[in-house]
Amino acid sequence: MELANLAVFASGSGTNFQALIDKIHKQGIAKITTLISDNPGAYALQRAADAGIDACFIDYRKLGPQEFFQVASKILKKADTNYIALCGFLKIVPKSLVDEYPNRILNIHPSLIPSFCGDGAYGIAVHEAAINYGVKVSGATVHLVDYGVDTGPIVIQRPVVVENDDTPQSLQAKVLEIEHVVLPEAVELLVSGKILLEGKRAKILAK
């Protein structure tokens, strides 16, 4: 059976991208064909080079959002992309790309949606908000991408306990460890056709 082609968008160090390389690409669950980044200094680009995966930096600041995603769309089509994973990609995906890949784009978010999410909620700011609010549980969410920001159907959520002495940095580290587990799990479910959508609910079919 021919493997599905997976493209990845990343803006930073790419540790979730590395998790996908190790647990999806190298294990033959799907083929990562392309990495796209809006950051020329993203270490994710080096991770792609080390794994022999085609990588491309597209200058978001120079092109602006519309042209950036037009260029990205051409790259995705050339790579015969079936699915997309957003791994710490700090730009909002436009309606045009969602329409090209309906229910085939996954995003990882460092909280239990609908808490601490939405426009502007990313990175350490998410964990600062969780600590300041005093929540006892946080975690990671993988969801399908729709027209909103962090509003698509939830595929997987995994909690972590927030301890009394946790700081935003220590909570971030705990959640990141969970992200490295749940994102590959969600990608495998998606490419294997194990996600059944009923409205906003993403039901996981038995393996």
Side-chain angles (χ1 to χ4, degrees), residues 1-10 15-36 53 69 72-73 75-77 79-89 91-119 121-122 126 135 137-160 175-207:
M1 182 178 177
E2 189 173 352
L3 295 180
N5 291 332
L6 177 69
V8 175
F9 286 66
T15 61
N16 275 310
F17 175 45
Q18 187 66 54
L20 292 180
I21 291 172
D22 295 340
K23 299 176 184 180
I24 296 296
H25 185 75
K26 290 182 178 179
Q27 295 187 21
I29 295 169
K31 181 181 180 182
I32 302 177
T33 58
T34 309
L35 170 76
I36 295 175
I53 295 169
F69 284 104
S73 177
I75 293 170
L76 295 172
K77 289 175 182 175
D80 195 23
T81 300
N82 304 116
Y83 302 96
I84 298 171
L86 307 179
C87 297
F89 182 63
K91 300 295 184 290
I92 296 174
V93 173
K95 180 178 182 294
S96 59
L97 193 66
V98 176
D99 287 340
E100 285 184 53
Y101 298 91
N103 300 318
R104 289 186 285 153
I105 306 175
L106 287 171
N107 182 52
I108 181 83
H109 184 77
S111 74
L112 298 177
I113 291 173
S115 296
F116 314 115
C117 66
D119 195 6
Y122 62 86
V126 174
V135 297
V137 177
S138 189
T141 302
V142 186
H143 66 92
L144 292 165
V145 175
D146 62 7
Y147 297 151
V149 180
D150 298 330
T151 57
I154 292 169
V155 177
I156 298 176
Q157 289 187 308
R158 198 70 48 83
V160 299
V175 171
L176 188 59
E177 187 175 345
I178 295 297
E179 290 180 40
H180 296 164
V181 175
V182 295
L183 182 59
E185 286 182 4
V187 168
E188 183 172 5
L189 289 170
L190 184 62
V191 303
S192 301
K194 300 295 185 182
I195 300 174
L196 174 65
L197 287 179
E198 293 184 357
K200 283 281 292 184
R201 297 187 69 190
K203 296 185 175 182
I204 307 304
L205 303 178
K207 294 184 178 182

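We're numbering straight along the sequence, starting at 1. Remember, it's a predicted structure, so these values are computed and weren't measured experimentally.
Considering all non-hydrogen atoms of both residues, V149 and G118 come closest at CG1-C, 3.5 Å. For T81 against A7, the heavy-atom pair with the smallest separation is CG2-CB, 3.8 Å. Scanning both residues, A202 and P153, for their nearest heavy atoms gives CB-CB, 4.1 Å. Residues A186 and V142 share a closest heavy-atom pair of CB-CG1, 3.5 Å. Scanning both residues, V98 and I105, for their nearest heavy atoms gives CA-CD1, 4.2 Å.
Within the model, atoms CD1 of I108 and NE2 of H180 stand 8.5 Å from one another, a figure rounded to the nearest 0.5 Å. Remark: L196 CG to K203 NZ distance equals 7.0 Å, nearest 0.5 Å. Separating the CD1 atom in I32 from the CD1 atom in I21 is a distance of 5.5 Å, to the nearest 0.5 Å. Here Y122 contributes atom OH and C117 contributes atom SG; the two are 15.0 Å apart, rounded to the nearest 0.5 Å. Interatomic distance, OG1 of T33 versus CD1 of I53, reported as 8.5 Å (0.5 Å rounding). Of the inter-residue distances, the one linking L97 atom CG with S73 atom OG reads 6.5 Å to the nearest 0.5 angstrom.
For the pair H109 and V126, the minimum side-chain heavy-atom distance is below 4.5 Å. For the pair V155/L190, no side-chain contact is recorded, criterion being any heavy-atom separation below 4.5 Å from C-beta on. Taking 4.5 Å as the limit, some side-chain heavy atom of L76 sits within range of a side-chain heavy atom of I36. Taking the side chain as every heavy atom from C-beta outward, I84 and R104 never approach each other to under 4.5 Å. Side-chain contact between L176 and N16 is present, with heavy atoms from C-beta onward closer than 4.5 Å. Within the 4.5 Å cutoff, the side chain of L189 has heavy atoms near those of the I156 side chain. Between V187 and I29 the shortest side-chain heavy-atom distance does not fall below 4.5 Å.
The backbone N or O of E188 lies less than 3.5 Å from no partner atom in the side chain of K23, so there is not a single donor-acceptor pair. With hydrogens and angles ignored, the 3.5 Å screen pairs a side-chain donor or acceptor of S111 with a backbone N or O of F116. Within the 3.5 Å criterion, the main-chain N or O of N5 finds a donor-acceptor partner in the side chain of N82.
Ring geometry, F89 versus F9: the interplanar angle exceeds 60°, so the pair is classed perpendicular (tilted spans 30 to 60°).
Other residues, nucleotides and ligands contribute over 12 non-hydrogen atoms within 6.0 Å of the OH atom of Y83.
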I'd like to know whether L112 forms a side chain to side chain contact (heavy atoms under 4.5 Å, CB included) with V137, so could you lay out the CA-CA distance, the side-chain angles of the two residues, the decisive distance to 0.1 Å, and finally the verdict. CA-CA 9 Å; L112 298 177; V137 177; 3.9 Å; yes
Kindly determine whether C87 and L20 satisfy side chain to side chain contact (heavy atoms under 4.5 Å, CB included), including the steps that lead there. CA-CA 9 Å; C87 297; L20 292 180; 3.7 Å; yes
Take H143 and L106 through the side chain to side chain contact (heavy atoms under 4.5 Å, CB included) test and state the conclusion after the steps. CA-CA 6 Å; H143 66 92; L106 287 171; over 6 Å; no
